[in-house]
Amino acid sequence: MSPQPLSAVPDRRRKVAVVGVALSDCGRVDDATAYALHGQAARRALADSGLGREVVDGIASAGLGTLAPAEVAEYLGLRPRWVDSTSVGGSTWEVMAAHAADAIAAGHANAVLLVYGSTARADLKARRRTANLSFGAGGPLQFEVPYGHTLISKYAMAARRHMYEYGTTLEQLAEVAVQARANAAANPEAMYREPITVDEVLSGPMIADPFTKLHCCIRSDGGCAVLLAAEEYVTDCASKPVWILGTGEHVSHTTMSEWEDFTVSPAAVSGRLAFERAGVRPADVDITEIYDAFTYMTLVTLEDLGFCAKGEGGAFVEKGRLRLDGELPTNTDGGGLSAQHPGMRGLFLLVEAVRQLRGEAGEGRQVRRGGSLGRLPEVAVVSGTGGWFCSSGTVVLGT
């Protein structure tokens, strides 16, 4: 299909589908630049969609260069009429997907490419950067930097508060890592696939109390891309469309002293908005893909999305519900804890959700409701988190 003229005032809001997804090479990638990973992922996503590059009139990117969408578009040989460079950490891509879907629905763009790539691991190995991630000492952060608050320690403090308030245990938090690794075992693209136990998680080296090493995400290289398009392009696509049913976004705080409740993440708002706009309930959801830089993130986000009551996340996760054959398969690729985590991982969540909804996750990893011969999942929730629970974007997808 040739690109359609953009309409400032469409007759109606168009439906929007994810029509192409792909990963670049991931894991240990020592011989590629971040730009190369962007290009590889973008080409693969377009091939997955079956559409030509001439259809793409929008691009969304963050995390690379000085003018991310402009530099990435130039590298890819695109001249977009719609761009987004929203940067809110790990939730960037869910928020961008929401913006892109709104733009397409309103007729401001026809097909938008979301693309990301990072060589975080390779750069560290080659000593092009250090392991320390600093967000600077200006603005509101100046009041916390003197006290040595690292990103990890902020999540750790929040986890400790949840343990104090609700009796959540270290063993329950460890179960999140164990089940993520169990899911990764079936994923040939996962960086770590060997089974782990609760005892192994608990006995690992301490990073930030209560997080030991296996409570924390891995460090990898990698990239991915997602192509969204208006409904009229779907008939020309090579793959089954996955529809954007509803989205929500929310910013909670940046300074820890302004966070009213350490046990409530911004997903409590973005999730509610996404469910309301999609017209579905948590009970309708088949799979979830949740940002998991640390085990506590998965647990508290499940609570805030409404899959269990506040304070019951520990009991919810300890019963194996997050496994591929569990009641609520979560982070079905192994997540950031085991599969890959090159930085702002939110776009990987969308790729995995789409693969599962299409039935393309592969043997041993494809979720089916009701057993190995059961139905494919029909509704997925993707929830990204940025900063230290500063921001959240939630997307409800369906077939």
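The side-chain heavy atoms of R121 and M191, taken from C-beta on, include a pair separated by under 4.5 Å. Looking at E352 and T332, their side chains come closer than 4.5 Å, going by heavy atoms from C-beta outward.
Annotation: side-chain contact (heavy atoms from CB on, under 4.5 Å) contacts of L245 (sequence neighbours excluded): W243, A278, V396. In terms of the salt bridge (Lys or Arg N to Asp or Glu O under 4.0 Å) criterion, residue partners of R358 (sequence neighbours excluded) are, by chain and number, D48, E360. For A361, the side-chain contact (heavy atoms from CB on, under 4.5 Å) partners are Q356, R365, Q366, not counting sequence neighbours. Every residue two or more places apart in sequence or in another chain that forms a salt bridge (Lys or Arg N to Asp or Glu O under 4.0 Å) with E231 is listed here: R12. Under the salt bridge (Lys or Arg N to Asp or Glu O under 4.0 Å) criterion, E171 pairs with no residue at all, not counting sequence neighbours. Applying the side-chain contact (heavy atoms from CB on, under 4.5 Å) criterion to T247, with sequence neighbours excluded, gives A98, I244, V395. For A190, the side-chain contact (heavy atoms from CB on, under 4.5 Å) test picks out A184, N187, R193, A339, with sequence neighbours left out.
Within the structure, salt bridge (Lys or Arg N to Asp or Glu O under 4.0 Å) pairs that include any residue of residues 153-170 comprise E144-K154, R160-D209, R161-E165 (at least two apart or interchain). Note on residues 277-288: pairs passing side-chain hydrogen bond (donor to acceptor under 3.5 Å, both in side chains), not counting sequence neighbours, are R281-D284, D286-R375, T288-T330.
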Determine, step by step, whether D123 and T119 satisfy the side chain to side chain donor-acceptor pair (under 3.5 Å) criterion, reporting the C-alpha distance in whole Å, the side-chain angles of both residues, the deciding distance to 0.1 Å, and the verdict.
CA-CA 6 Å; D123 290 347; T119 52; 3.1 Å; yes
Please evaluate residues T197 and D199 with respect to the criterion side chain to side chain donor-acceptor pair (under 3.5 Å), reporting the C-alpha separation (whole Å), side-chain torsions for both, the decisive distance (0.1 Å), and the verdict.
CA-CA 5 Å; T197 66; D199 287 342; 5.3 Å; no
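Of the inter-residue distances, the one linking N183 atom CG with R181 atom CZ reads 11.5 Å to the nearest 0.5 angstrom. Atom NZ of K213 and atom CD of E200 lie 12.5 Å apart (nearest 0.5 Å). In this structure, CD1 on I152 lies 12.0 Å from CE on M157, to the nearest 0.5 angstrom. Between the CZ atom in F294 and the SG atom in C216 there is a gap of 5.0 Å [rounded to 0.5 Å]. Atom CE of M256 is separated from atom OG of S153 by 7.5 Å, given to the nearest 0.5 angstrom. One finds the CD atom of E260 at 8.5 Å from the CD atom of E258 (value rounded to the nearest 0.5 Å).
S391 and S91 share a donor-acceptor pair across their side chains, judged by distance under 3.5 Å alone. A donor-acceptor contact under 3.5 angstrom links the side chains of T168 and H162, judged on distance only. Between the side chains of T394 and S383, a donor-acceptor pair is found at a separation under 3.5 Å.
The aromatic ring centres of Y296 and F211 sit 6.0 Å or more apart. The distance between the ring centers of Y291 and H341 falls below 6.0 angstrom.
The hydrophobic cluster around V251 extends to none of the other residues, as no ILVMFWY side-chain heavy atom falls under 4.5 Å of it. In this structure, L273 shares a hydrophobic cluster with V269, the cluster being traced through Ile, Leu, Val, Met, Phe, Trp and Tyr side chains under 4.5 angstrom apart.
Each of L349 and Y192 belongs to its own hydrophobic cluster when Ile, Leu, Val, Met, Phe, Trp and Tyr are linked at side-chain heavy-atom distances under 4.5 angstrom. V83 and L227 fall within a single hydrophobic cluster, where Ile, Leu, Val, Met, Phe, Trp and Tyr side chains are chained together by heavy-atom contacts under 4.5 Å.
Judged purely by atom type and a 3.5 angstrom limit, N331 has no side-chain atom pairing as donor or acceptor with the backbone of E289.
A salt bridge links D30 with K125: the distance from a Lys NZ or Arg NE/NH1/NH2 to an Asp or Glu carboxylate oxygen falls below 4.0 Å. Salt bridge status for D325 with R368: absent, with no side-chain N to carboxylate O gap under 4.0 Å.
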Residues 304-317 side chain polar contacts: donor-acceptor under 3.5 Å, at least two apart:
residue : atom : partner : partner atom : Å
D304    : OD1  : K310    : NZ           : 2.7
D304    : OD2  : S265    : N            : 2.7
D304    : OD2  : S265    : OG           : 2.7
K310    : NZ   : T263    : O            : 2.6
K310    : NZ   : E303    : OE1          : 2.9

